[in-house]
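Here the structure is laid out as structure tokens; the discussion comes afterwards.
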Amino acid sequence: MPMGKRIRSRGTGALVVLFVLTAPAGARAQDPPAETTTAEEPTRAGGAGLGPLEFAPEPLGGNLGAPRAAIPQTRLGLGLHWVMGGESTAGGDVSRHALALLALAQLELFETLEVGLEAELVEHNETDYPEPSALHDETSDEFGFLVPRIKAAFLTGDVITLAAGVGVMLPTAGGRSMLPFGIDPGFLFQARPIEMLSINFSLPFVLRFDVPDEGDTQMNFFIDPAVGVAVMPIDYIGGFVDAQIEIWLDPDQGAENFRLFSLLIGVRSNFLPWMMAELGAIVPVAGDLYDDELAEFGLGFRLAATPDLL
């Protein structure tokens, strides 16, 4: 073979080899760097979604003292909180129902801060007396409370999140004999030993002030610790069990410190990637309200969207 043809042949072969060696490297260099983000994001969203059912032991009063998720998140939703109770009297059984329709809005900032606003769109109370009775049935429907909130996570990791938060209850409804205010600073903890499991603990301290038109302001202090476990064993379907205790630190005369111990047992579903529905049964187990038959059973339902606003 002539020298010129051998040089061209070798040059062509070298180009082919160089292309084969560099093409995979070039393809790897052009792969989108979003794989790490994609792998991390479901963990954060799943951890936040596996928090407790955020309803207080009692349905009214601005939802103060409810367990909260430790992980900051952006969420818009509605909640329906209903409990029933009653008491036995010489003239028959008196039944009571209390219901709160809640609207919530939360915004995550800088991955460690959350600001939010909760509102009781409807605060419904109903008392039915046995027949015949000198007392008439009572029903009230009012716009309840506005509760601005803030939460900060000061210890975050793949497994553990520790946060602190506070809400301030502002009354908006008229026709009350006393003007109520409240605040519930508390600590929040969440552990995620495995992706499908979350352990939640919250310790809110509830201070409630009732300001009458005349006379002294009444102050009541509560501690509402709660612990719960949430699981998501398969895609889109999971469950939770939360145990809540309400302790009245300065009870009225004749009342007990141990006010209520309830279990919240329910299911939740991420039926859309950005939407979750939750339904829980509220089962009172012990406490002064339980002994007096004022807390017998309840339901909590929440529908929450987690849009990507930022």
Side-chain angles (χ1 to χ4, degrees), residues 48-71 73 75-85 96-106 114 116-125 144-149 151 165-169 182-184 186 188 190 198 200-206 208 222-230 238-247 259-269 276-285 287 289-290 294-305:
L50 288 180
L53 184 63
E54 297 180 355
F55 287 153
E58 299 179 65
L60 306 183
N63 204 28
L64 292 185
R68 307 281 169 181
I71 299 177
Q73 60 183 318
R75 184 171 62 178
L76 304 172
L78 289 173
L80 188 65
H81 190 177
W82 168 78
V83 294
M84 62 175 291
R96 293 184 173 88
H97 301 270
L99 181 144
L101 177 62
L102 307 170
L104 58 94
Q106 299 166 194
E114 176 188 292
L117 179 67
E118 292 183 3
E120 283 184 347
L121 302 180
V122 175
E123 182 188 278
H124 174 82
N125 285 282
F145 302 90
L146 292 177
V147 185
R149 290 195 166 276
K151 177 173 67 183
V166 62
V168 180
M169 182 182 73
I183 185 172
D184 66 345
L188 314 167
Q190 186 180 89
S198 174
N200 310 285
F201 175 74
S202 62
L203 185 62
F205 301 87
V206 180
R208 182 180 171 112
F222 302 89
I223 299 178
D224 291 350
V227 61
V229 177
F240 59 89
V241 177
D242 297 329
Q244 294 179 271
I245 297 176
E246 183 167 83
I247 300 172
R259 189 167 174 83
L260 190 63
F261 169 52
S262 293
L263 292 176
L264 282 77
I265 306 170
V267 295
R268 54 170 48 119
S269 173
M276 176 177 285
E278 299 165 287
L279 177 64
I282 305 169
V283 185
V285 177
L289 293 179
Y290 175 78
L294 297 178
E296 296 179 351
F297 183 74
L299 289 174
F301 173 76
R302 183 171 61 176
L303 186 66

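Nearest heavy atom pair, residue Val83 against residue Ile282, reads CG1-CD1, 4.4 Å. Residues Arg268 and Leu53 approach most closely at NH2-N, 4.2 Å, considering heavy atoms. Contact detail for Ala100 and Pro59: the closest heavy-atom pair is CB-O, 3.5 Å. Scanning all heavy atoms of the two residues, the minimum distance from Phe297 to Val283 falls at CE1-CG2, 4.5 Å. Minimum heavy-atom separation, Ala56 to Gly65: CB-C, 4.3 Å.
Counting only distance, with no hydrogens or angles, the side chain of Ser198 and the backbone of Ala230 share no donor-acceptor pair below 3.5 Å. No donor-acceptor distance shorter than 3.5 angstrom exists from the side chain of Lys151 to the backbone of Leu188, with no hydrogens or angles considered. Asp224 contributes no side-chain N or O that, together with a main-chain N or O of Ala66, makes up a donor-acceptor pair within less than 3.5 Å. In this structure a side-chain-to-backbone donor-acceptor pair under 3.5 Å is present from Gln244 to Phe55. No donor-acceptor pair closer than 3.5 Å links the side chain of Glu296 to the backbone N or O of Met84. A donor-acceptor pair under 3.5 Å is formed between the side chain of Glu114 and the backbone N or O of Gln73. Here the side chain of Asn200 pairs no donor or acceptor atom with the backbone of Val227 at under 3.5 angstrom.
Atoms CE and CD, from Met169 and Glu120 in turn, are 8.5 Å apart once rounded to the nearest 0.5 Å. Leu78 CG to Leu102 CG: the interatomic distance, rounded to the nearest 0.5 Å, is 9.0 Å. Here the OG atom belonging to Ser262 is positioned 10.0 Å from the CD1 atom belonging to Ile245, to the nearest 0.5 angstrom. Of the inter-residue distances, the one linking Ser269 atom OG with Leu303 atom CG reads 10.5 Å to the nearest 0.5 angstrom. Here CG of Leu117 is found 10.0 Å from CD of Gln106. Values are rounded to the nearest 0.5 Å. The CH2 atom of Trp82 lies 11.0 Å from the NE2 atom of His124; values are rounded to the nearest 0.5 Å.
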Begin with the C-alpha distance, continue with both residues' side-chain angles, and end with the deciding distance and a verdict on side-chain contact (heavy atoms from CB on, under 4.5 Å) for His97 and Asn125.
CA-CA 6 Å; His97 301 270; Asn125 285 282; over 6 Å; no

Kindly determine whether Leu299 and Phe301 satisfy side-chain contact (heavy atoms from CB on, under 4.5 Å), including the steps that lead there.
CA-CA 7 Å; Leu299 289 174; Phe301 173 76; over 6 Å; no

Apply the test side-chain contact (heavy atoms from CB on, under 4.5 Å) to residues Leu264 and Val241: give CA-CA distance (whole Å), side-chain angles for both, the deciding distance (0.1 Å), then the verdict.
CA-CA 6 Å; Leu264 282 77; Val241 177; over 6 Å; no

Leu99 vs Leu80, side-chain contact (heavy atoms from CB on, under 4.5 Å): CA-CA, chis, key distance, verdict:
CA-CA 7 Å; Leu99 181 144; Leu80 188 65; 3.8 Å; yes

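Of the candidates Val147, Leu64, Asn63, Leu64 is the only one forming a side chain to side chain contact (heavy atoms under 4.5 Å, CB included) with Asp184.
The environment of Tyr290 atom OH is sparse: at most 12 non-hydrogen atoms of other residues, nucleotides or ligands sit within 6.0 angstrom.
A 4.5 Å side-chain heavy-atom check between Arg208 and Ile183 finds every atom pair outside the cut-off. For the pair Gln190/Ile71, a side-chain contact is recorded, criterion being any heavy-atom separation below 4.5 Å from C-beta on. Looking at Arg75 and Leu104, their side chains come closer than 4.5 Å, going by heavy atoms from C-beta outward. Between Arg259 and Ile247, the closest side-chain pair of non-hydrogen atoms is not below 4.5 Å. Side-chain contact between Leu263 and Val285 is present, with heavy atoms from C-beta onward closer than 4.5 Å.
The existence of a salt bridge linking Arg68 and Glu118 is confirmed by a sub-4.0 Å separation between a basic side-chain nitrogen and an acidic carboxylate oxygen.
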